[in-house]
Amino acid sequence: MRGRHGHDRGSRRCGCIIAVRNPPNAYRITGPKEPMTRRHQRNKWFMPFCRRLDMEYPSGIRHIIFNCATPISDGQIQVVQLLFRNDSEVDCSTQELIDWDAAIIAEDRDMLESTDPDAIVDMGRKIEMHMPSDRPGMIMRKRLLDLLRQHGEEEQPRTYQA
């Protein structure tokens, strides 16, 4: 895996080239017809709640997904997602992409819906343990806490009663 990290105003970006499984139902989405392919994946996070995911395959197919997870209450978010692509409707129909994405969301639903919405932002409270793969999330939390503090705010964690 090869990665690159960079910073610019109000965002964090990183990218890597990864080997991914490429089952037959993905061939029209990715381009190649082999069981494994490579994906050049670039992520860019925009504070506080938006992300741009850019995926490019050796076939030249490129999908750019922009999603925004906006809090709508203390315990809920609303996710809006847009997909930009450089292939044609003949290459892969919009409905195929919608169905592909729906399957991915279904796989992730249990994990996402079981995640505590009171995620720790201030890691200075030392409630969690971390490992190297947590680094991007830790950077995002630090920057979000810095943004709150720039506006005179502090994290408002849930209070637990014994």
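It should be emphasised that the depicted structure is a prediction, and the values quoted were computed from it without experimental measurement. Numbers for residues simply follow the sequence, beginning at 1.
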Enquirer: Given side chains that start at C-beta, do those of Asn22 and Pro35 come closer than 4.5 Å, heavy atoms only?
Expert: no
Enquirer: First locate atom SG of Cys92, then atom CD1 of Ile29, and finally report the distance between them rounded to the nearest 0.5 Å.
Expert: 5.0 Å
Enquirer: I want to check something: taking the side chain as every heavy atom from C-beta on, are His130 and Arg135 in contact at a cut-off of under 4.5 Å?
Expert: no
Enquirer: Please name the pair of heavy atoms, one in Asp87 and one in Asp91, separated by the smallest distance, quoted to 0.1 Å.
Expert: CB-OD2, 3.6 Å
Enquirer: Do the non-hydrogen side-chain atoms of Leu144 and Lys142 ever get within less than 4.5 Å of each other?
Expert: no
Enquirer: Any chance you could measure Met55, atom CE, to Ile18, atom CD1, to the nearest 0.5 Å?
Expert: 9.5 Å
Enquirer: Please check if atom CZ in Arg125 has more than 12 non-hydrogen atoms from other residues, nucleotides or ligands closer than 6.0 Å.
Expert: yes
Enquirer: Give, for atom CZ of Phe49 and atom CD of Gln78, the distance between the pair rounded to the nearest 0.5 Å.
Expert: 13.5 Å
Enquirer: Are the side chain of Asp122 and the backbone of Glu155 linked by a donor-acceptor contact shorter than 3.5 Å?
Expert: no
Enquirer: Begin with the C-alpha distance, continue with both residues' side-chain angles, and end with the deciding distance and a verdict on side-chain contact (heavy atoms from CB on, under 4.5 Å) for Val20 and Met36.
Expert: CA-CA 6 Å; Val20 294; Met36 294 293 292; 5.9 Å; no
Enquirer: Do Arg143 and Trp45 have side-chain heavy atoms sitting under 4.5 Å apart?
Expert: yes
Enquirer: Is Asp108 reaching over with its side chain to a backbone N or O of Ile105, donor-acceptor style, under 3.5 angstrom?
Expert: no
Enquirer: Are Glu56 and Gln41 close enough that some pair of their side-chain heavy atoms sits under 4.5 Å apart?
Expert: no
Enquirer: Taking all non-hydrogen atoms of both residues into account, name the closest pair between Pro58 and Thr37 and its distance.
Expert: CD-OG1, 3.6 Å
Enquirer: Does this structure show an ion pair linking Arg149 with Glu154, if we count only N-O contacts that are shorter than 4.0 Å?
Expert: yes
Enquirer: Between Glu89 and Arg85, is there a salt bridge with N-O shorter than 4.0 Å?
Expert: yes
Enquirer: How long is the straight-line distance from CZ of Phe84 back to CZ of Arg52, given to the nearest 0.5 Å?
Expert: 9.5 Å
Enquirer: Evaluate side-chain contact (heavy atoms from CB on, under 4.5 Å) for Leu97 paired with Leu83, printing each intermediate quantity in order.
Expert: CA-CA 9 Å; Leu97 290 167; Leu83 168 65; 3.7 Å; yes
Enquirer: First locate atom CZ of Arg39, then atom CZ of Arg42, and finally report the distance between them rounded to the nearest 0.5 Å.
Expert: 12.0 Å
Enquirer: Drop me the distance from Ile72's CD1 to Gln76's CD, to the nearest 0.5 angstrom.
Expert: 4.5 Å
Enquirer: Are Leu147 and Met140 in one and the same hydrophobic cluster, where Ile, Leu, Val, Met, Phe, Trp and Tyr link if side-chain heavy atoms are under 4.5 Å apart?
Expert: yes
Enquirer: Please table the atom pairs, donor to acceptor, closer than 3.5 Å between any side-chain atom in residues 59-71 and protein atoms at least two apart or in another chain.
Expert:
from	atom 1	to	atom 2	distance (Å)
Ser59	OG	Thr30	O	2.7
Ser59	OG	Ile61	N	3.3
Arg62	NE	Asp54	OD1	2.9
Arg62	NE	Asp54	OD2	3.1
Arg62	NH2	Asp54	OD2	2.4

Enquirer: Do the side-chain N and O atoms of Asn43 and Arg51 include a donor-acceptor pair separated by under 3.5 angstrom?
Expert: yes
Enquirer: Taking the side chain from Asp99 and the backbone from Glu96, do they hold a donor-acceptor pair closer than 3.5 Å?
Expert: no
